[in-house]
Student: 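Structure below; questions to follow.
Sequence lines set the chain letters: A, B, ... in the order given, protein chains first and strands last, and positions in each chain run from 1. Only this structure's heavy atoms are used, side chains among them; waters, hydrogens and symmetry mates stay out.
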There are 2 protein chains.
Amino acid sequence: MSSQHSDTRTQILQATWQLMEQHLGQPIKMGDVAKAVGISRQAVYLHFKSRTELMIATSNYVDEIKGLNERLNIYKKATTGVERLEACVEVWGHYIPEIYGLAKALLATRDTDEATAAAWNNNMHCLRDLCQEIVETLKQEGLLNSAWSPEEATEIFWTMMSIHHWEQLTVECAWSNQQYIDKMTVMLKKMLIK
Amino acid sequence: MSSQHSDTRTQILQATWQLMEQHLGQPIKMGDVAKAVGISRQAVYLHFKSRTELMIATSNYVDEIKGLNERLNIYKKATTGVERLEACVEVWGHYIPEIYGLAKALLATRDTDEATAAAWNNNMHCLRDLCQEIVETLKQEGLLNSAWSPEEATEIFWTMMSIHHWEQLTVECAWSNQQYIDKMTVMLKKMLIK
DNA sequence: ACTGGGATTGACACTATGTCAAGTCAACAT
DNA sequence: ATGTTGACTTGACATAGTGTCAATCCCAGT
């Protein structure tokens, strides 16, 4: 509980996150984390009993710092479905680039590591709930495109907002982030709204 | 050049592919491949000098067997842009599940292995060209939604058709493959066509 | 009967994770 | 001042996987 303890722990988390952002998907090594902090590899294991645990702790740490929750203040001001949709894309669109490294790192282990996959899914289900809420609002306003059931609409919305989708458009197709936000808003409106 | 040589080689490729389909993204081990074929681990290295080379060779092997080219016979019959779009989604939608394991395996190494990434990108750029062709056709027919430049339309189309998109809708959201094809067709028409 | 190529066996180097034991060092207690 | 506690170090080890090497085996074609 000493400040030293939590200091080192925080330094490790900070370094891990930084390495994730730098390496963008390439697996980070425990030794590299230790070197970055300036401690021995074994010291890392004093704070996190495995690589998996470190990854998950890093995810939680980033959540704490960059958490979506506060961001949703913008969102909460919106009342109509359309406004909410716009706010959601805006908030999420600005959020992704800040957590892209972390997201890639967690997604990379998805198929081999149940636990980190779960940590990531947890984040994504928050987004999904938001999508669902917006779809519900649109439905109540009678604006939901009748081609989809509310469930389908939610799933389409959610899928369109995925990190992979963002990655392909910005990284592969070299869209700017603003372009992503603008075009995604137009696309979603076209698809979901009557 | 003896039939034995190419026999074993083919068996290795076959086994690798099979393991990829079974493991869905989990990295496959050289030892497992060897075991599956019934040869020693070292024998695999007589045919493929590294794991990377084996992965790429497997990709080419699958291409040979399941190649998109022949599938596009359906596509070639279509003349109008809308028909082509429909045919494209149909062909691609049936193709993905057959190569999903391979795709996951190659995508999984994307960030750590330049060479396998290139092999996969190669495949994806074929699809991209097709998307572009369809967008051009639509444009010539005056049907392309004026919200997008032809380039943007191509990139949106291409991104919507990505494996990750398919994966999220079918694996995460439990859509049937037919549902994917049907809904994707509707979505793309809504988005791309005036 | 000989040779060459596919395959085997077993050893090795290397890298990364994770565990263990022994010891250092500083802060804080009595 | 002494002793204890807790964070950290050092160095060794087990394990698992990739990739290399050398020696050997065995069979098919000349």
Student: Which residues satisfy the salt bridge (Lys or Arg N to Asp or Glu O under 4.0 Å) test with A:E53, sequence neighbours excluded?
Tutor: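 A:E53 satisfies salt bridge (Lys or Arg N to Asp or Glu O under 4.0 Å) with A:K49 once adjacent residues are dropped.
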Student: In whole angstrom, what separates B:K35's NZ from C:dT8's C1'?
Tutor: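 So the NZ-C1' distance, B:K35 to C:dT8, works out to 17 Å.
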Student: Taking only residues two or more places apart in sequence or in another chain, which ones pass side chain to side chain donor-acceptor pair (under 3.5 Å) with A:W120?
Tutor: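 Partners of A:W120 under the side chain to side chain donor-acceptor pair (under 3.5 Å) test: none.
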Student: Is it the case that B:Q14 and B:Y61 place a side-chain donor and acceptor less than 3.5 Å from each other?
Tutor: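 There is such a pair (donor and acceptor under 3.5 Å, judged by atom type) between the side chains of B:Q14 and B:Y61.
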Student: Enumerate the residue pairs fulfilling salt bridge (Lys or Arg N to Asp or Glu O under 4.0 Å) with a member in residues 34-46 of chain A, sequence neighbours excluded, ordered by first and then second residue.
Tutor: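 Output for this query is empty, none listed.
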Student: B:I28 CD1 to D:dG17 C1': how many Å, rounded?
Tutor: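 Rounded to whole Å, this separation is 13 Å.
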Student: Expressed as a whole number of angstroms, how long is the span from B:L54:CG to D:dG17:P?
Tutor: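 Checked: the CG to P distance equals 16 Å.
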Student: Could you list, one pair per line, each protein nitrogen or oxygen that sits under 3.5 Å from a nitrogen or oxygen of nucleotides 10-16 of chain D, together with the distance?
Tutor:
none

Student: Quick one: B:R9 CZ to C:dA7 C1', roughly how many Å, whole number?
Tutor: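 Between C1' of C:dA7 and CZ of B:R9: 17 Å.
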Student: Would you mind reading off the distance between A:Q26 atom CD and C:dT15 atom C1', rounded to a whole angstrom?
Tutor: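 Answer to the nearest Å: 16 Å.
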Student: B:R51 CZ to D:dT18 P: how many Å, rounded?
Tutor: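 Between P of D:dT18 and CZ of B:R51: 6 Å.
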Student: Please confirm whether the shortest side-chain N or O distance from A:H47 to OP1 or OP2 of D:dA7 is below 4.0 Å.
Tutor: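 Result: no.
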Student: Strictly by ring pair (Phe, Tyr, Trp, His ring centres under 6.0 Å), give each pair with a member in residues 134-163 of chain B just once, sequence neighbours left out.
Tutor: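 Qualifying pairs, neighbours excluded: B:H125-B:W158.
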Student: Please work out which residues in residues 103-118 of chain B have a non-hydrogen atom less than 4.0 Å from an atom of DNA chain D and list them by number.
Tutor: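 Contacts with DNA chain D under 4.0 Å: none.
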Student: Do any pairs count as a salt bridge (Lys or Arg N to Asp or Glu O under 4.0 Å) and have a residue in residues 175-194 of chain B, sequence neighbours left out, and if so which ones?
Tutor: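 For residues 175-194 of chain B: A:E152-B:K183, B:E86-B:K189.
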Student: Name each donor-acceptor pair under 3.5 Å that joins a side chain in residues 108-117 of chain B to protein atoms two or more places apart or in another chain, with its distance.
Tutor:
| from | atom 1 | to | atom 2 | distance (Å) |
| --- | --- | --- | --- | --- |
| B:T109 | OG1 | B:L106 | O | 3.0 |
| B:T109 | OG1 | B:T116 | OG1 | 2.5 |
| B:R110 | NH1 | A:E172 | OE2 | 3.2 |
| B:D111 | OD1 | A:K104 | NZ | 2.9 |
| B:D111 | OD2 | A:K104 | NZ | 3.4 |
| B:T112 | OG1 | B:T109 | O | 3.2 |
| B:D113 | OD1 | B:A115 | N | 3.0 |
| B:D113 | OD1 | B:T116 | N | 3.4 |
| B:D113 | OD2 | B:T52 | OG1 | 2.5 |
| B:T116 | OG1 | B:D113 | O | 3.2 |

Student: Is there side-chain contact between A:I96 and A:E167, with heavy atoms separated by less than 4.5 Å?
Tutor: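 Side-chain contact under 4.5 Å: no.
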Student: Report the distance from atom OH of B:Y45 to atom C1' of C:dT8, rounded to the nearest whole Å.
Tutor: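 Going from B:Y45 (OH) to C:dT8 (C1'), I get 16 Å.
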Student: Give a yes/no answer on whether the side chain of A:T8 brings an N or O atom under 4.0 Å of OP1 or OP2 in D:dC8.
Tutor: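 Indeed, a polar side-chain atom of A:T8 lies that close.
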Student: Take the protein atom CZ of A:F48 and the nucleotide atom P of D:dC8, then report the distance between them rounded to whole Å.
Tutor: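 So the CZ-P distance, A:F48 to D:dC8, works out to 11 Å.
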Student: So, using side chain to side chain donor-acceptor pair (under 3.5 Å) as the criterion, who are the partners of B:T185 when residues are at least two apart?
Tutor: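 Result, side chain to side chain donor-acceptor pair (under 3.5 Å) vs B:T185: none returned.
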